[in-house]
Number of protein chains: 2
Amino acid sequence: MSDRVVPPAARRRRRPTKQGVVLSEELIVETAMRLLGEHGAEALSVRRLGRALGADPSALYRYFRDTDELLLAIADELIGRTLRTWRPSGDWRADLRDLGLRMHAGALAQPQAAVLSSYRVTGRAYEIQAVETALGVLRGAGFPDAEAVRIYHAFVDQALAFGALDSANTALPKAAREAEAAVWRATYARLPADTHPHIHATARHLVVDMRHSSYPTALDLFLSAAAARLAQLTAVGDAHPV
Amino acid sequence: MSDRVVPPAARRRRRPTKQGVVLSEELIVETAMRLLGEHGAEALSVRRLGRALGADPSALYRYFRDTDELLLAIADELIGRTLRTWRPSGDWRADLRDLGLRMHAGALAQPQAAVLSSYRVTGRAYEIQAVETALGVLRGAGFPDAEAVRIYHAFVDQALAFGALDSANTALPKAAREAEAAVWRATYARLPADTHPHIHATARHLVVDMRHSSYPTALDLFLSAAAARLAQLTAVGDAHPV
DNA sequence: CACCTTATGACAACACCGTTGACCTGTTAA
DNA sequence: TTAACAGGTCAACGGTGTTGTCATAAGGTG
């Protein structure tokens with residue numbers, strides 16, 4: 001059955017479920033995100049979602065072709081929330097920095113959804129808007145098209161990848177997370193100087209540093225390198241004007 | 001039943017299965033990796049693995065507490081393989097570049113194991129060895145301890161994060177992956193100039209660039225920035241010698 | 001050699017999962 | 001007023017991870 005899903009625009013009959021709930025794409029996505037936030041990634045199944053909504057699980061297939069399409073809708077909503085409050089200042093470096101930090105924070109706000117969706121291309125409205133915006137910042141800064149795309153790609157993947165990595169860690173069961181923190185104190189900090197000189201010498205820093213996300217550091221290094229590259233390109237451009 | 005798994009050292013009775021196979025932790029991990037390599041991510045289930053081994057699925061629970069523990073065993077083997085062939089040249093930048101690319105390639109070689117293990121700290125032998133090695137490269141290059149740790153953290157997280165991101169994409173069902181490729185051609189490449197000027201102007205580059213991993217770009221930017229930072233630190237160090 | 005213990009494999013069952021074809025019914029447009 | 005049909009429901013299929021129970025061959029002991 002491939003024509004089960006009716007495009008949102010064409011929906012007109014809002015028939016309530018047995019339990020009196022009127023379904024909609026928005027309500028389903030909202031409920032899914034609530035489930036994720038409350039009970040973790042494994043709580044998101046078609047059946048559970050149906051139960052949470054007060055509808056038969058199969059009713060969801062009138063709104064999403066399959067679970068993957070639902071996941072993409074969740075991802076896009078996440079992007080939308082991140083983008084909604086962002087305002088460009090005109091300084092490309094500050095703008096990208098702000099955007100990156102917002103994406104990262106947005107991922108951490110919904111770790112389970114971020115883990116499941118960070119590596120997907122949705123092709124949906126918010127995502128398109130985000131691409132357009134970020135590309136605009138880079139082209140406005142003076143990056144030539146090919147370079148703007150390269151830098152954009154690395155920038156957005158870096159934000160998504162770190163967001164997912166840190167989200168996955170956040171979403172870990174409490175016991176596992178504490179066990180990992182203990183490893184740095186109990187294992188690494190106690191390695192002797194003769195077998196592990198470098199770890200031994202820096203143990204103090206490792207214990208402190210490894211607790212936090214390294215994304216801010218990675219982001220700043222990224223922006224520095226991008227700025228250097230822009231300066232280089234501009235210099236060449238000036239030497240050989242079109 | 002929590003004491004189902006007998007520690008490998010205590011195993012003595014090697015009773016063959018009905019089909020004449022003698023099980024072992026190594027054989028199971030090997031077979032799992034072969035299965036993954038041959039038939040993709042979705043081919044790895046306890047039942048399939050049992051079938052491939054010529055044993056009842058439940059027999060695997062004598063060797064691994066659950067599928068997660070099996071996956072960590074696979075991941076550990078993966079780390080070992082990645083590190084085993086790496087040799088430092090003495091040029092810190094080339095060495096880090098090589099290490100990063102190897103980690104990334106290693107992740108892509110076993111995508112689903114990478115996805116599930118990238119955000120974990122194991123504290124096991126291979127991991128410790130990797131930390132010691134990478135820290136040694138950075139300190140050898142002249143980074144002061146605190147800075148070496150900062151850079152190390154960002155470097156390793158970046159490699160892991162991109163490895164996981166690209167792995168997750170690789171591990172996608174074929175249909176979903178093709179759908180994503182199509183989104184760039186069918187959706188993004190066709191946006192009109194008046195509503196989405198930046199995407200429209202760079203569509204040609206986007207279609208080509210978004211197909212590949214952006215890790216090499218991100219890695220090179222990272223190394224450039226780190227080199228610049230080192231030069232800066234060294235200059236300060238020379239100006240104010242201890 | 002025979003006996004006993006027990007590690008380990010096999011079996012069957014459980015509770016889930018995503019998905020779909022067939023059916024039924026309330027909403028809506030004509 | 002009514003007929004069409006969108007959309008909710010039901011039941012089923014074939015998969016999944018996991019576990020309680022049982023059978024038996026391996027290996028130590030005498």
Side-chain angles (χ1 to χ4, degrees), chain A residues 1-28 31-32 35 39-74 116, chain B residues 1-28 31-32 35-36 39-72 112 116 172-173 175-176:
Chain A
M1 196 127 302
S2 61
D3 54 347
R4 226 168 194 162
V5 176
V6 170
R11 283 186 186 280
R12 303 216 299 284
R13 305 188 187 182
R14 320 257 44 160
R15 174 181 180 177
T17 71
K18 255 190 173 172
Q19 300 186 35
V21 182
V22 176
L23 296 180
S24 70
E25 204 169 319
E26 295 75 31
L27 179 62
I28 295 172
T31 307
L35 271 185
H39 305 107
E42 70 283 355
L44 188 61
S45 72
V46 177
R47 294 173 128 95
R48 264 195 239 237
L49 184 50
R51 218 179 304 139
L53 280 163
D56 189 273
S58 64
L60 303 184
Y61 289 87
R62 301 279 181 206
Y63 295 84
F64 302 96
R65 193 177 314 284
D66 50 29
T67 42
D68 193 68
E69 206 177 280
L70 168 60
L71 196 67
L72 292 183
I74 294 172
L116 291 176
Chain B
M1 193 128 305
S2 62
D3 52 348
R4 226 170 193 161
V5 175
V6 171
R11 283 187 187 281
R12 303 216 301 284
R13 304 190 187 180
R14 320 259 43 160
R15 176 180 177 176
T17 71
K18 255 192 172 173
Q19 300 185 34
V21 182
V22 177
L23 295 179
S24 69
E25 204 170 315
E26 293 77 31
L27 179 63
I28 295 172
T31 306
L35 220 56
L36 287 169
H39 306 108
E42 70 280 0
L44 188 63
S45 73
V46 178
R47 294 172 128 95
R48 264 195 241 238
L49 184 50
R51 219 180 303 140
L53 281 162
D56 189 272
S58 66
L60 303 184
Y61 288 85
R62 301 283 180 201
Y63 295 84
F64 301 97
R65 196 175 311 285
D66 51 30
T67 42
D68 193 65
E69 204 177 280
L70 169 60
L71 265 150
L72 287 184
Q112 54 304 318
L116 289 174
L172 231 47

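Here is the naming used below: chain letters follow the sequence lines, and residue numbers restart at 1 for every chain. Just so it is clear, the model here is predicted, and its values are computed rather than measured.
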| said: Taking the minimum atom-to-atom distance to the side chain of A/Tyr63, which one of D/dC10, D/dG7, D/dT18 wins? | reply: D/dG7

| field | A/Glu26: salt bridge (Lys or Arg N to Asp or Glu O under 4.0 Å) partners, not counting sequence neighbours | value | none

| query | By a strict heavy-atom criterion of less than 4.0 Å, which residues belonging to residues 47-56 of chain B are in contact with DNA chain D? | reply | B/Arg47, B/Arg48

| Contacts of type side-chain contact (heavy atoms from CB on, under 4.5 Å), residue A/Ser45, not counting sequence neighbours | A/Arg47, A/Arg48

| said: The criterion is salt bridge (Lys or Arg N to Asp or Glu O under 4.0 Å); which residues satisfy it with B/Glu42, sequence neighbours excluded? | reply: none

| query | What residue among B/Leu72, B/Val46, B/Val5, B/Leu70 forms side-chain contact (heavy atoms from CB on, under 4.5 Å) with B/Phe64? | reply | B/Leu70

| Nearest-angstrom distance from the residue atom CD of A/Gln19 to C1' of D/dG8 | 12 Å

| field | Set of salt bridge (Lys or Arg N to Asp or Glu O under 4.0 Å) partners for A/Asp68, sequence neighbours left out | value | A/Arg120

| task | Would you mind reading off the distance between A/Glu25 atom CD and D/dG7 atom C1', rounded to a whole angstrom? | result | 15 Å

| query | Can you find an N or O donor on one side and an acceptor on the other, under 3.5 Å apart, linking the side chain of A/Ser58 with the base of D/dC10? | reply | yes

| task | Among the candidates D/dT18, C/dT19, D/dT9, find the nucleotide nearest to the side-chain atoms of A/Ala59. | result | D/dT9

| field | Contact summary for B/Val21 and B/Gly54, nearest pair of heavy atoms | value | CG2-O, 4.2 Å

| Any side-chain heavy-atom pair of A/Leu53 and A/Thr17 under 4.5 Å | no

| query | Is there a side-chain polar atom (N or O) of A/Ser45 under 4.0 Å from OP1 or OP2 of C/dC17? | reply | yes

Strictly under 3.5 Å: I want the nitrogen or oxygen pairs between protein and nucleotides 23-25 of chain C, one per line.
{"residue": "C/dT25", "atom": "O4'", "partner": "A/Arg15", "partner atom": "NH2", "Å": "3.0"}
{"residue": "C/dT25", "atom": "O2", "partner": "A/Arg15", "partner atom": "NH1", "Å": "2.6"}
{"residue": "C/dT25", "atom": "O2", "partner": "A/Arg15", "partner atom": "NH2", "Å": "3.4"}

| query | Taking all non-hydrogen atoms of both residues, which atom of A/Ala55 and which atom of A/Leu23 are closest, and how far apart? | reply | CB-CD1, 4.1 Å

| field | From D/dT18, C/dA10, D/dG7, nucleotide with atom closest to B/Thr17 side chain | value | C/dA10

| said: From the set C/dT19, D/dT9, D/dT19, return the single nucleotide nearest to any side-chain atom of A/Lys18. | reply: D/dT9

| Proximity to the side chain of B/Pro16 - top-ranked nucleotide from C/dT20, D/dG8, D/dA26 | D/dA26

| message | I want to confirm an ordering. Mapping B/Leu23 and A/Ala43 to their closest nucleotides on DNA chain C, which one lands closer to the 5' end? | response | B/Leu23

| field | Separation of atom CG in A/Leu70 from atom P in C/dT19, rounded to whole Å | value | 10 Å

| Beyond-backbone contact of A/Leu116 with A/Ile74, side-chain heavy atoms, under 4.5 angstrom | no

